[in-house]
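Just so you know, ligand 1 is whichever comes first in the structure, and atom 1 is the first atom listed for that ligand.
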Amino acid sequence: MGSELVIRIGLCQLQLLKGDITTIAVDAIVNAANSQLAGGGGVDGAIHRAGGPEIMHELDEIRSAIGHCETGSAVATGAGKLPAKYVFHAVGPRYRDGRHGEPELLASCYTTCLNLAAERDVKTISFPSISTGIYGYPIEAAAEIALKSAAAWLQHHAGTVRVVKFVQFSEGDHEIYRKHAANLRGTLAAETHG
Ligand code: APR
């Protein structure tokens, strides 16, 4: 792995990977779900296919208890047959024009999942690029929000979650995440030495 793919924040790391999130072993995998928690295509479909029906059974119970999950929030289930203990089902915003709270709601997906992780003693967590598929969020803006939100969270919650993996499904998305990771690393280095 090239050095530009890892950002160290104290004892923690942000990592960038290209691949299928359902095949990467972690404590918690984040899903890009919908507020009905009803399953779908994209990464949601891949997670339910690979994890098996147990995950949807748990979501059925959650739905009957709370109805739905708000945009910007997330719920936790077990991970079925996935190589993880938990799946956090985060509901990203549908992109309109960026002026309907989309940046804050997207950032909230990342911080809510990291809070769920800390509550469960999760040390490693993987995120797909939430909202940038079917929900149409421009990948450049979304990548920056994803990386900055996680970095800020790790700076304020030292010693809980140790490794945050960002998994991109396409080479194009991976390149964009790499560019924003390099920018973020520059900013963090300037803060440390400035
Ligand atoms: N591993 C990693 N990333 C993946 C995978 C996978 N197996 N499959 C798809 N992706 C990527 C897509 O390429 C995209 O970059 O996940 C990102 C998010 O895309 P979507 O899955 O379409 O999620 P989102 O844009 O948040 O839309 C959510 O789609 O599937 C439905 O039920 C879901 O209604 C909800 C909506």
Would you say Lys18 and Gln168 are linked by a side-chain donor-acceptor pair, where the criterion is simply a distance under 3.5 Å?
no

Side-chain atoms of residues 46-61: list all donor-acceptor pairs with protein atoms under 3.5 Å, sequence neighbours left out, distances to 0.1 Å.
| from | atom 1 | to | atom 2 | distance (Å) |
| --- | --- | --- | --- | --- |
| His48 | NE2 | Asp44 | OD1 | 3.4 |
| Glu58 | OE1 | Gly78 | N | 3.1 |
| Glu58 | OE2 | Gly78 | N | 3.1 |
| Asp60 | OD1 | Arg63 | NH1 | 3.0 |
| Asp60 | OD1 | Arg63 | NH2 | 3.3 |

Using distance alone, with no hydrogens and no angle criterion, decide if Tyr177 and Ser129 have a side-chain donor and acceptor under 3.5 Å apart.
yes

Could you give the N/O to N/O pairs under 3.5 Å linking ligand 1 and the protein, each with its distance?
| from | atom 1 | to | atom 2 | distance (Å) |
| --- | --- | --- | --- | --- |
| ligand 1 | 1 (N) | Ile21 | N | 2.9 |
| ligand 1 | 7 (N) | Asp20 | OD1 | 2.9 |
| ligand 1 | 15 (O) | Thr132 | OG1 | 3.3 |
| ligand 1 | 19 (O) | Gly133 | N | 3.4 |
| ligand 1 | 21 (O) | Val43 | N | 2.8 |
| ligand 1 | 22 (O) | Ile134 | N | 2.8 |
| ligand 1 | 25 (O) | Ser131 | O | 3.4 |
| ligand 1 | 25 (O) | Thr132 | N | 3.4 |
| ligand 1 | 25 (O) | Gly133 | N | 2.8 |
| ligand 1 | 25 (O) | Ile134 | N | 3.1 |
| ligand 1 | 25 (O) | Tyr135 | N | 3.0 |
| ligand 1 | 26 (O) | Ser131 | N | 2.8 |
| ligand 1 | 30 (O) | Gly41 | N | 3.0 |
| ligand 1 | 30 (O) | Gly41 | O | 2.8 |
| ligand 1 | 32 (O) | Asn34 | ND2 | 2.7 |
| ligand 1 | 32 (O) | Asp44 | OD2 | 2.6 |
| ligand 1 | 34 (O) | Asn34 | ND2 | 3.3 |
| ligand 1 | 34 (O) | Tyr135 | OH | 3.3 |

Quick test of your reading: applying salt bridge (Lys or Arg N to Asp or Glu O under 4.0 Å), list the pairs with at least one residue in residues 138-151, sequence neighbours left out, ordered by first then second residue.
Glu140-Lys179, Glu144-Lys148

Can you confirm whether Arg94 is buried at CZ, in the sense that more than 12 heavy atoms of other residues, nucleotides or ligands lie under 6.0 Å from that atom?
no

Kindly give the cluster partners of Tyr135, where membership spreads through any ILVMFWY side chain lying under 4.5 Å from a current member.
Ile134

